[in-house]
Amino acid sequence: MFSKERLHNELIQSTNMSAVELRAWLRTDIAPITVANYKDAPSLDQSNKLLTILMKNTEELTRTDCFFIQSILQRIKYLKNNRSKEGYARLDWENSLRSLGYDIKKQLKPAKKSKAYH
């Protein structure tokens with residue numbers, strides 16, 4: 001079967017946007033356009049369901065949530081591995097990943113280098 005804790009942790013690691021960031025993205029005018037323009041874009045219903053799941057604790061996850069998480073993890077992996085070949089579709093590809101909670105332009109800030117005093 002599946003471990004709720006493992007799935008939830010994998011989802012958190014596979015997404016780099018918080019629930020607040022995802023909600024803000026979904027409320028922009030661009031998110032619905034991406035769904036209409038890009039064939040591999042998740043539906044807004046899927047993105048909103050993901051938002052709901054991201055706001056839950058591991059204990060609150062249902063069996064249906066876990067199955068949904070599995071499908072979202074597969075979709076994220078698929079989109080990351082299948083970058084759009086057409087230049088005009090690149091932005092829609094990036095926005096599709098944003099609708100799944102992963103912003104490719106958001107990078108982890110590198111750790112500050114400590115100054116060495118000799």
Side-chain angles (χ1 to χ4, degrees):
M1 190 81 162
F2 48 77
S3 161
K4 285 200 274 187
E5 187 173 335
R6 181 189 59 79
L7 273 175
H8 198 236
N9 287 337
E10 194 173 338
L11 179 65
I12 300 302
Q13 290 172 357
S14 295
T15 57
N16 66 355
M17 294 170 72
S18 68
V20 172
E21 291 170 319
L22 179 57
R23 181 181 7 200
W25 162 251
L26 294 174
R27 299 216 177 347
T28 65
D29 294 337
I30 300 169
I33 294 170
T34 299
V35 172
N37 288 345
Y38 195 66
K39 65 179 172 102
D40 288 330
S43 70
L44 289 177
D45 289 341
Q46 289 174 322
S47 297
N48 284 317
K49 184 169 182 170
L50 174 61
L51 175 62
T52 303
I53 288 173
L54 286 173
M55 293 188 294
K56 291 183 177 183
N57 295 330
T58 303
E59 299 80 33
E60 296 174 319
L61 295 176
T62 65
R63 182 180 175 144
T64 305
D65 291 339
C66 291
F67 285 125
F68 183 76
I69 289 171
Q70 288 175 326
S71 70
I72 290 298
L73 290 172
Q74 289 173 350
R75 176 66 72 88
I76 291 171
K77 185 183 286 187
Y78 171 79
L79 281 173
K80 282 182 176 179
N81 291 331
N82 293 296
R83 209 173 266 230
S84 179
K85 305 283 188 251
E86 300 88 17
Y88 68 88
R90 181 168 170 80
L91 185 59
D92 288 331
W93 170 77
E94 290 177 10
N95 289 338
S96 295
L97 277 169
R98 276 187 196 96
S99 295
L100 292 172
Y102 185 81
D103 188 349
I104 64 167
K105 293 184 178 178
K106 182 179 178 182
Q107 297 178 359
L108 295 175
K109 294 179 182 175
K112 290 184 179 180
K113 294 182 182 178
S114 59
K115 295 180 181 178
Y117 296 99
H118 297 279

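Computed from a predicted structure; not experimentally measured. For reference, positions follow the sequence shown, starting with 1.
- Here the NZ-CD1 distance, from K49 to I72, works out to 9.0 Å after rounding to the nearest 0.5 Å.
- Other residues, nucleotides and ligands place more than 12 heavy atoms under 6.0 Å from the CD atom of E60.
- Between the side chains of N37 and T34, no donor-acceptor pair of N or O atoms lies under 3.5 Å.
- At least one side-chain heavy atom of L11 sits less than 4.5 Å from a side-chain heavy atom of L54.
- Note that CD of E5 and CD of E59 are 8.0 Å apart. Values are rounded to the nearest 0.5 Å.
- The minimum heavy-atom distance between S99 and L22, with the atom names listed, is O-CD1, 4.0 Å.
- The OG1 atom of T52 sits 9.0 Å away from the CZ atom of F68 when rounded to the nearest 0.5 Å.
- Put simply, L44 and L91 are part of two different groups of oily side chains (I, L, V, M, F, W, Y) that touch within less than 4.5 Å, one to the next.
- In this structure, I53 is not a member of the same hydrophobic cluster as V20, with clusters built from ILVMFWY side-chain heavy atoms closer than 4.5 Å.
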Go through the steps for V35 and Q46 under the test side-chain contact (heavy atoms from CB on, under 4.5 Å), then give the verdict. CA-CA 11 Å; V35 172; Q46 289 174 322; over 6 Å; no
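- At least one side-chain heavy atom of L61 sits under 4.5 Å from a side-chain heavy atom of I69.
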Walk me through it: do Y102 and M17 pass the test side-chain contact (heavy atoms from CB on, under 4.5 Å)? CA-CA 6 Å; Y102 185 81; M17 294 170 72; 5.9 Å; no
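- Side-chain contact between L7 and L73 is present, with heavy atoms from C-beta onward closer than 4.5 Å.
- Minimum heavy-atom separation, K4 to C66: CG-SG, 3.5 Å.
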What's the verdict on side-chain contact (heavy atoms from CB on, under 4.5 Å) for N81 and K77, showing C-alpha distance, side-chain angles and the deciding distance? CA-CA 6 Å; N81 291 331; K77 185 183 286 187; 3.6 Å; yes
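- We find that E21 and R98 are not joined by a salt bridge, their nearest charged nitrogen and carboxylate oxygen being 4.0 Å or further apart.
- Within the 4.5 Å cutoff, the side chain of W25 has heavy atoms near those of the N95 side chain.
- Rounding to the nearest 0.5 Å gives a distance of 14.5 Å between OG of S14 and CZ of R75.
- By the 4.5 Å heavy-atom criterion applied to side chains, L79 and E94 are not counted as neighbours.
- Under a 4.0 Å N-O distance rule, the pair E86/R90 does not qualify as a salt bridge.
- Hydrophobic clustering places I12 together with L100 (ILVMFWY residues linked when any side-chain heavy atoms are closer than 4.5 Å, directly or through intermediates).
- Residues D40 and W93 are not in side-chain contact: their nearest non-hydrogen atoms beyond the backbone lie 4.5 Å or more apart.
- Here NZ of K39 is found 12.5 Å from CG of D92. Values are rounded to the nearest 0.5 Å.
- At a threshold of 4.5 Å between non-hydrogen side-chain atoms, the residues D103 and L97 do not count as touching.
- Contact check for R6 versus N9: no side-chain heavy atoms found under the 4.5 Å cut-off.
- A pairwise comparison of heavy atoms in R23 and L51 identifies CB-CD2, 3.8 Å as the closest pair.
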